[in-house]
Amino acid sequence: MAKKNETAISPTRAENYPEWYQQVIRASDMAELSPVRGCMVIKPWGYALWENISRALDDMFKATGVQNAYFPLFIPVNFLEKEARHVEGFAKECAVVTHHKLEKGENNQLVPAGRLNEPLIVRPTSETIIGDAFSRWIRSYRDLPMLINQWANVVRWELRTRIFLRTSEFLWQEGHTVHATKQEAIERTYMMLNIYKEMAEKYLAMPVITGEKTEAEKFPGAEITTCIEAMMQDRKALQAGTSHFLGQNFAKASGIRFQSAQETEEYGWTTSWGVSTRLIGGLIMTHSDDNGAVMPPRIAPSHVVLLPIVKKVEQNENVMAYTRDLAEKLREKRYHGGPIRVQIDDRNIGGARNWDWIKKGIPLRVEIGPKDIAEDAVYVSRRDRDRKDSRSMPKDRFVDNICELLDEIHTELYKNALEYQRKHTRDIDEKEEFEAFFTPVNPDRPENHGGFARSHWCGKKECELAIKDRLNVTIRCIPFDREPEDGTCIECGTRTKKGRVIFAKAY
RNA sequence: CGGGGCGUAGCGCAGCCUGGCAGCGCGCCUGCUUUGGGAGCAGGAAGCCGCAGGUUCAAAUCCUGCCGCCCCGACCA
């Protein structure tokens with residue numbers, strides 16, 4: 001009974017949020033830093049999240065006619081050069097392959113040899129190389145729409161990295177489509193953003209605000225960038241997914257042309273859209289608490305862990321048999337398209353066993369001891385409730401209702417996150433209040449600040465940049481659901497009727 | 001790339017000022033006892049003290065250089 005800290009994770013969120021984040025990842029065994037700077041090793045408990053996320057997304061994509069394909073990791077440098085703004089956006093963070101061979105040099109060290117005639121970049125995103133393929137694949141309007149997705153890794157040479165949120169290499173999906181008309185491409189852009197919203201809210205229990213990026217925050221080369229933005233528990237915004245309408249910019253850069261029904265030659269209208277392993281960072285920072293991770297049930301690596309409690313050796317086999325039988329009954333149940341994922345943990349390590357699963361964030365913990373078996377009952381604890389808030393229930397009722405119980409946890413997590421977001425979102429019309437809102441109360445913890453400010457903006461880039469320079473606050477998005485409203489720009493005071501935009505500090 | 005902090009066992013740290021056997025807690029392994037909320041006893045394994053050079057009889061400790069990590073800022077999904 002050597003009770004140590006009140007909380008399993010130290011420091012707590014309030015004490016040091018960035019450090020807490022890393023400790024949650026370590027304690028839950030989701031991932032670790034790799035020997036290569038800025039890269040991560042995703043361990044099974046973390047990778048299962050990505051598998052579950054990607055499986056659900058893949059189904060949703062395919063339901064809209066998207067097909068998967070795979071394009072090369074290496075891209076000729078001159079491909080990137082084709083779209084001017086795209087170059088500006090990505091050139092400075094590209095990893096470049098310049099050699100194709102290693103030779104033994106002094107002291108037996110391996111040194112690069114065999115310089116490439118043309119260097120290759122490691123894809124930071126694949127618009128250009130997919131565009132090249134599309135230019136060959138598409139001849140006629142009958143080839144359209146072209147709806148392609150790839151699951152891949154990409155590399156962006158980041159200065160400052162943070163596990164899952166910003167690593168030099170990350171996993172993602174990138175969808176790329178070509179359409180005969182502007183209208184259809186724009187519709188596709190919004191359609192995919194809605195899928196991301198559904199993933200965030202219905203699977204990750206992460207409420208998001210959908211909207212459009214400003215000129216300054218757009219994807220390099222896009223006409224319209226749409227996004228889902230979520231609030232983390234430090235009240236910073238996380239861009240959790242983006243969908244872009246690329247106009248004809250990339251079609252012109254890559255020569256994606258088709259012959260129309262009217263026998264004219266036209267450029268295609270393209271879109272691209274992606275989400276990444278960053279979503280995992282987002283769900284950690286949305287739901288986890290000072291005792292570790294909290295997994296949203298629908299994508300949790302496991303739904304329930306069974307913890308047999310053996311008092312006397314001679315009861316051991318009885319308890320284990322009961323436990324195995326319960327596991328089998330649970331596995332027969334279907335939950336959101338798959339079986340209930342059950343683990344049995346019979347390690348003999350006392351209360352530490354329970355804490356391990358709390359830190360991993362498994363939605364349900366079930367203790368099974370002689371007392372329960374005598375009553376044909378189980379003792380159930382929910383991760384989203386206080387850890388002492390456990391209750392006994394008849395075993396059959398537990399089995400019959402486990403799907404409803406998991407969905408209830410999902411709903412509760414979503415509700416709490418939405419409540420948090422609303423609590424820290426404020427309409428602000430006075431410049432002084434705006435400044436105070438984003439100024440940390442405690443200078444030692446500059447990450448602590450107000451949250452989302454809904455304020456008026458005249459639409460000028462200078463005002464947006466001035467705020468960014470002064471407060472490190474940016475316009476996260478122009479919400480789709482904004483209502484026209486009279487107001488004055490929070491920076492320059494110009495009258496505007498357009499309605500409010502979301503200002504926040506961002507990851 | 002600028003400012004600050006930190007590198008000692010898997011994790012968290014002490015030792016450094018004042019040079020002299022490599023330490024502590026947790027974790028890990030073995031055995032026994034235990035098991036309804038971070039178990040007890042006994043035994044054990046585990047270290048390039050970030051790296052390289054220097055000073056010294058002797059360096060985790062002093063000096064020089066480098067590297068890495070974390071936080072803040074600029075940039076980004």
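Note on naming: letters A, B, ... go to the chains in the order of the sequence lines (proteins, then strands), and numbering restarts at 1 for each one.
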Which nucleotide, in any strand shown, forms a Watson-Crick or G-U wobble pair with B:G38, with both distances under 3.5 Å? none
Watson-Crick or G-U wobble mate for B:C13, both contacts under 3.5 Å: B:G23
[atom1] of [X] versus [atom2] of [N]: gap in Å, rounded?
X	N	atom1	atom2	answer
A:Asp389	B:G37	CG	P	15 Å
A:Glu19	B:C6	CD	P	15 Å
A:Gln22	B:C69	CD	P	12 Å
A:Asn354	B:G36	CG	C1'	10 Å
A:Ile349	B:C29	CD1	P	10 Å
A:Arg156	B:C76	CZ	P	11 Å
A:Gln239	B:C75	CD	C1'	14 Å
A:Gln23	B:C11	CD	P	11 Å

Mind checking [X] for me? I need base, sugar-phosphate or nothing, with any heavy atom below 4.0 Å counting as a touch.
X	result
A:Ser381	base
A:Phe219	nothing
A:Thr125	nothing
A:Asp356	nothing
A:Ser276	base
A:Ile163	nothing
A:Lys371	base
A:Ser392	nothing

N/O donor-acceptor pair, side chain A:Ser390 with base B:G36, under 3.5 angstrom: no
Within this structure, what is the SG-CD distance for the pair A:Cys227 and A:Glu212, rounded to the nearest 0.5 Å? 9.0 Å
Select from A:Arg26 and A:Leu165 the residue whose nearest nucleotide in RNA chain B is closer to the 5' end of that strand. A:Arg26
Using heavy atoms to find the nearest nucleotide of RNA chain B for A:Asp469 and A:Arg365 separately, return the residue whose nucleotide is more 5′. A:Arg365
Is the phosphate of B:A39, meaning OP1 or OP2, less than 4.0 Å from a side-chain N or O of A:Asn348? no
Would one find a side-chain N or O of A:Lys468 under 4.0 angstrom from OP1 or OP2 of B:A74? no
From the options B:A39, B:C72, B:U35, select the nucleotide whose nearest atom is closest to the side chain of A:Pro18. B:C72
Give the ring-plane orientation class for A:Trp172 versus A:Phe170, where under 30° counts as parallel, over 60° as perpendicular and anything between as tilted. perpendicular
Just wondering, do A:Lys360 and A:Met30 contact through their side chains at under 4.5 Å, heavy atoms? no
